[in-house]
Amino acid sequence: SLDALVVLKASGETLQLIKDVEPVLKDVCIVSKVEVVRSEGPYVESTEFNNLGIEIKKASGTKCARCWHYSEDVGANASHPLICGNCVSQIL
């Protein structure tokens with residue numbers, strides 16, 4: 001699942017609900033990235049959430065040797081070329 005990018009497409013109250021929890025969604029879903037975008041559908045409706053679409057894609061970037069998340073900033077720190085910026089900040 002860390003190979004995944006989850007795109008949540010929503011509108012109305014559902015969009016606001018998702019935006020409120022967006023910072024933790026990648027950890028909750030155990031994926032490399034979650035994007036939340038405004039979209040007017042079409043949606044497959046459910047009994048739990050209205051106005052929500054879900055798309056799964058391959059995450060872009062390079063796999064971090066420490067956390068295994070795919071990230072665009074792996075190698076940005078020359079002293080730690082195999083890990084992402086988040087991991088660099090954790091070890092420094």
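- Here the CG atom belonging to Leu8 is positioned 5.0 Å from the CD1 atom belonging to Ile18, to the nearest 0.5 angstrom.
- Residues passing the salt bridge (Lys or Arg N to Asp or Glu O under 4.0 Å) test with Glu22, sequence neighbours excluded: Lys19.
- Scored by the side chain to side chain contact (heavy atoms under 4.5 Å, CB included) test, Lys9 finds Val7, Val37, Ser39, Glu55 as partners (sequence neighbours excluded).
- With sequence neighbours excluded, the residues forming a side chain to side chain contact (heavy atoms under 4.5 Å, CB included) with Asn50 are Glu45, listed by chain and number.
- The closest side-chain heavy-atom distance from Val36 to Leu25 is below 4.5 Å.
- The salt bridge (charged side-chain N to carboxylate O under 4.0 Å, His left out) pairs that include a residue from residues 28-37 are Lys33-Glu35, where partners are two or more places apart or lie in different chains.
- Counting only residues at least two apart or in different chains, salt bridge (charged side-chain N to carboxylate O under 4.0 Å, His left out) contacts with residues 63-81 are absent.
- For the pair Leu17/Leu15, no side-chain contact is recorded, criterion being any heavy-atom separation below 4.5 Å from C-beta on.
- Take Asp20 and apply the side chain to side chain donor-acceptor pair (under 3.5 Å) test, not counting sequence neighbours, and it matches Gln16.
- Hydrophobic side-chain contacts under 4.5 Å tie Leu2 into a cluster, directly or through other members, with Ile30, Trp68.
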Atom pairs and distances, side-chain donor-acceptor, residues 76-92, under 3.5 Å, sequence neighbours left out:
residue, atom, partner, partner atom, Å
Asn77, OD1, Ser79, N, 2.8
Asn77, OD1, His80, N, 3.4
Ser89, OG, Asn86, O, 2.6

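- Partners of Glu40 by side chain to side chain contact (heavy atoms under 4.5 Å, CB included), not counting sequence neighbours, listed by chain and number: Ser11, Arg38.
- Every residue two or more places apart in sequence or in another chain that forms a side chain to side chain contact (heavy atoms under 4.5 Å, CB included) with Val28 is listed here: Val24.
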